[in-house]
2 protein chains.
Amino acid sequence: MTTAEEIQRHAEGALSNPSAVGLVAVIIAATDGEPRALTVQVGSQAKGRSDGLPAGPLVPEHPTLERGLRAWVERQTHQRLGYVEQLYTFGDRDRQGDDAGGLHSLSVAYLALVREVRTGGLAEASWRNWYRYLPWEDWREGRPESLGEIETKLLAWAEQATDPKLRRRREDRLGLTFGLCGGAWNEERVLERYELLFEAGLIPEAQGQCGEASESDLAITGQPMALDHRRVLATAIGRLRGKIKYRPVVFELMPPTFTLFQLQRTVEALSGTNLHKQNFRRLVAQQGLVEETDDVTSGATGRPARLVRFRREVLLERPAPGFRLRPARRPA
Amino acid sequence: MTTAEEIQRHAEGALSNPSAVGLVAVIIAATDGEPRALTVQVGSQAKGRSDGLPAGPLVPEHPTLERGLRAWVERQTHQRLGYVEQLYTFGDRDRQGDDAGGLHSLSVAYLALVREVRTGGLAEASWRNWYRYLPWEDWREGRPESLGEIETKLLAWAEQATDPKLRRRREDRLGLTFGLCGGAWNEERVLERYELLFEAGLIPEAQGQCGEASESDLAITGQPMALDHRRVLATAIGRLRGKIKYRPVVFELMPPTFTLFQLQRTVEALSGTNLHKQNFRRLVAQQGLVEETDDVTSGATGRPARLVRFRREVLLERPAPGFRLRPARRPA
DNA sequence: CGGCACAATGCTCAGATTGAGCATAAGTGA
DNA sequence: TCACTTATGCTCAATCTGAGCATTGTGCCG
């Protein structure tokens with residue numbers, strides 16, 4: 001068969017080899033300076049329940065992938081979505097769980113940012129601090145305690161490799177992702193860190209355990225999620241952490257008016273690091289990302305803060321910048 | 001049905017509503033300072049042939065999406081792939097061409113970067129300068145001629161809108177993407193520009209015409225491609241232009257040793273802009289992206305240039321930087 | 001009412017990074 | 001040898017960054 005014919009048969013070929021396609025949503029909000037993801041309860045009484053992300057199959061009624069996703073999310077969580085972007089398509093046969101008899105099982109994942117947290121709606125949908133699932137990613141209070149134990153186990157895992165080349169490779173990855181062996185922590189490598197932990201056997205999902213974790217596990221390797229949803233969440237966080245640096249997406253998470261410090265707290269919540277306050281506001285001011293309102297906060301202690309709003313016009317302006325994050329070196 | 005049950009039926013639901021899934025590859029190389037994409041001939045004598053991207057259906061034999069892609073590409077083009085990353089999943093029902101009777105038609109697109117251009121292999125696979133398909137994206141010789149006519153037509157399209165709000169919206173988009181109405185050109189917005197042209201009716205594929213373009217059309221709106229492959233190509237270019245700024249991916253396109261100027265030419269080819277020579281080499285040197293070899297070029301005119309090689313170690317180092325592109329203001 | 005604690009906001013300053021250009025070096029071909 | 005071409009070295013002003021000190025409004029507490 002020639003190449004041309006082959007490609008011509010593309011559609012027919014695909015028709016005779018169809019696949020199951022699912023849609024998954026990572027829906028993010030930030031309230032009270034905490035980053036949250038919308039979760040639902042997955043599983044049955046018998047098999048055990050676990051946290052999962054809103055998801056559903058793609059059905060022919062959906063005109064587009066994104067519309068299908070919105071439909072599922074609204075049905076399962078009563079949450080309407082604003083900003084939505086495609087995240088990644090997970091399609092490996094080796095995903096644990098559902099190997100559907102020769103069929104591929106694809107999941108097209110989306111990232112959504114929403115403003116308000118309406119806990120109303122189904123009781124089964126609830127907002128959870130995302131660091132519950134990935135506790136080692138939160139450096140706002142300094143280096144997370146749990147990283148000590150994680151590192152010990154990871155180093156042991158690297159040692160396990162008998163082939164020196166493989167061992168070297170593992171150590172390199174540890175340095176690259178967890179900052180071990182002289183590397184630095186890069187807050188964007190969320191997925192790579194998760195996958196390393198997964199390979200090292202520190203993630204219960206690898207053995208098909210997605211339910212409630214023990215107290216100690218929860219503090220160290222975090223709460224498991226259904227299927228590979230924790231991987232999807234990690235992908236979303238990494239993407240978002242990268243994106244806030246060059247696109248003004250944080251504002252999708254903010255209320256109509258807010259203070260610069262609330263904005264900073266939100267950025268810090270997402271990136272998992274602390275920022276230098278004065279420099280942060282200088283940056284925001286210079287970039288012209290916000291405009292002042294006539295209002296100020298009141299009631300709280302300390303000098304009232306000016307309320308500002310996002311300048312929608314910047315979406316039409318030149319480089320449409322985000323935040324370059326310079327962590328404030330925290331005094332030990 | 002409760003949410004939990006709904007999610008539980010996810011897999012079964014998907015099974016009864018399967019979709020056709022295809023794989024598409026944008027394979028990029030850069031030789032002689034030109035960016036090229038690997039294309040194949042699609043279509044039949046009867047229906048007319050056109051350029052397309054290597055593609056094929058996902059079949060159960062493929063263990064993962066990426067492996068399936070590699071298999072198709074090697075079969076169709078005899079090209080082995082090195083660096084591969086997932087690009088985007090195109091799934092809109094409104095893709096022209098194949099509305100497969102109630103089935104969705106998904107395409108999972110990948111971006112691949114390869115080093116050598118072996119034209120050997122199938123005659124039907126050939127390397128094409130990517131600006132053949134998107135001529136307005138090449139600003140290396142200054143502002144492309146064809147942009148004059150394109151702008152005229154785009155402005156006319158914006159004018160067409162009777163609803164003032166819609167008109168305003170269209171003008172905003174023109175400013176944002178094509179730098180009209182006071183905006184600036186952002187070389188990363190390749191896809192947005194293509195989609196704008198598509199909506200404005202300047203892209204023949206919108207009417208299902210993918211064959212050979214007339215001489216004049218070719219110079220202005222570029223050579224069409226099969227199906228929505230030009231959209232996929234635009235997505236790939238935009239992604240790559242963004243990525244070279246913060247990851248050292250250009251080196252995937254370079255031979256084992258090369259001169260700094262060759263490297264610059266490659267970056268310029270990808271980004272479609274010119275760079276300031278001295279500053280470019282300062283940047284590369286500072287970032288420690290390359291190390292010198294003992295060899296120099298010979299034979300060409302001018303002072304011989306030192307040959308350098310990529311420092312693989314940087315992949316393990318801290319921010320693993322790319323190039324921040326500062327276009328050289330070209331003298332009028 | 002005066003002073004205090006607290007958060008917001010203003011301002012400074014040295015060091016690093018950029019954008020742009022001039023100057024020099026080292027080959028080729030005539 | 002000269003003319004020409006490209007590579008490479010170096011300078012300099014403008015700007016950007018990281019870090020910290022200083023000042024300004026508020027609520028609260030004697």
Side-chain angles (χ1 to χ4, degrees), chain A residues 32-33 184 187 245-246 257-268 271 273-309 318-319 321-332, chain B residues 32-33 184 187 245-246 257-268 271 273-309 318-319 321-332:
Chain A
D32 307 325
E187 80 276 353
K245 290 179 191 161
Y246 60 95
T257 69
F258 48 88
T259 70
L260 289 181
F261 194 55
Q262 285 168 352
L263 182 64
Q264 180 180 347
R265 282 284 182 236
T266 304
V267 173
E268 289 175 336
S271 70
T273 61
N274 282 309
L275 305 175
H276 184 281
K277 187 162 171 172
Q278 293 94 321
N279 291 345
F280 179 82
R281 46 174 45 238
R282 176 173 66 186
L283 184 69
V284 177
Q286 274 181 353
Q287 309 269 210
L289 292 171
V290 300
E291 61 193 2
E292 298 195 343
T293 69
D294 294 331
D295 298 327
V296 293
T297 55
S298 65
T301 170
R303 177 175 171 174
R306 169 123 283 148
L307 286 167
V308 299
R309 76 170 70 86
R318 290 152 304 165
F323 299 100
R324 277 152 283 173
L325 309 177
R326 316 289 155 165
R329 204 176 293 160
R330 44 176 25 258
Chain B
D32 307 326
E187 80 278 352
K245 290 179 191 161
Y246 61 95
T257 69
F258 48 88
T259 70
L260 289 181
F261 195 55
Q262 285 169 351
L263 182 64
Q264 180 180 348
R265 281 283 181 239
T266 305
V267 173
E268 290 175 335
S271 70
T273 60
N274 282 309
L275 305 174
H276 184 281
K277 186 161 169 172
Q278 293 95 322
N279 291 346
F280 179 82
R281 48 173 43 238
R282 177 174 63 187
L283 185 68
V284 177
Q286 273 182 353
Q287 308 269 210
L289 292 171
V290 301
E291 62 193 2
E292 298 195 344
T293 69
D294 294 331
D295 297 327
V296 292
T297 55
S298 65
T301 170
R303 174 174 170 175
R306 169 124 281 145
L307 286 167
V308 299
R309 76 170 70 87
R318 288 152 305 165
F323 300 101
R324 278 151 283 176
L325 309 177
R326 317 289 157 166
R329 204 177 291 162
R330 41 177 26 258

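The shown structure was predicted, so the numbers you read here are calculated from the model rather than taken from an experiment.
Within the structure, every pair that satisfies the salt bridge (Lys or Arg N to Asp or Glu O under 4.0 Å) test and touches residues 295-306 of chain B, not counting sequence neighbours, is listed here: B:Glu292-B:Arg306. Legend: side-chain hydrogen bond (donor to acceptor under 3.5 Å, both in side chains) pairs involving residues 257-267 of chain B, not counting sequence neighbours, sorted by first then second residue: B:Gln264-B:Glu268, B:Arg265-B:Glu268. The salt bridge (Lys or Arg N to Asp or Glu O under 4.0 Å) contacts involving residues 281-291 of chain B comprise B:Glu291-B:Arg309, where partners must be two or more places apart or lie in separate chains.
Nearest heavy atom pair, residue A:Leu260 against residue A:Val308, reads CD2-CG2, 4.2 Å.
Separation of atoms OG1 (A:Thr297) and CZ (A:Phe258) is listed at 13.5 Å; rounding is to 0.5 Å.
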**Asked** What one-letter contact string describes nucleotides 6-13 of chain D from 5' to 3', where B marks a base within less than 4.0 Å of any protein heavy atom, S marks contact via sugar-phosphate atoms alone, and - marks no contact?
**Response** BBBBBB--
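Distance CZ (B:Phe280) to P (C:dT18): 14 Å, rounded to an integer number of Å. Spacing between atom NE2 of B:His276 and atom P of C:dG21 amounts to 7 Å, rounded to whole angstrom units. Nucleotide C:dT18 holds its P atom 7 Å from the CG atom of B:Leu283, rounded to whole Å. What separates CD of B:Gln286 from P of C:dG19 is a distance of 11 Å, to the nearest Å. The separation between A:Leu263 atom CG and C:dT9 atom P is 12 Å, rounded to whole Å. Distance, A:Asn274 CG to D:dA19 P: 13 Å, rounded to whole Å.
Axis angle across the helix from C:dC1-D:dG30 to C:dA30-D:dT1, with five pairs used at each end and values rounded to 10°: 10°.
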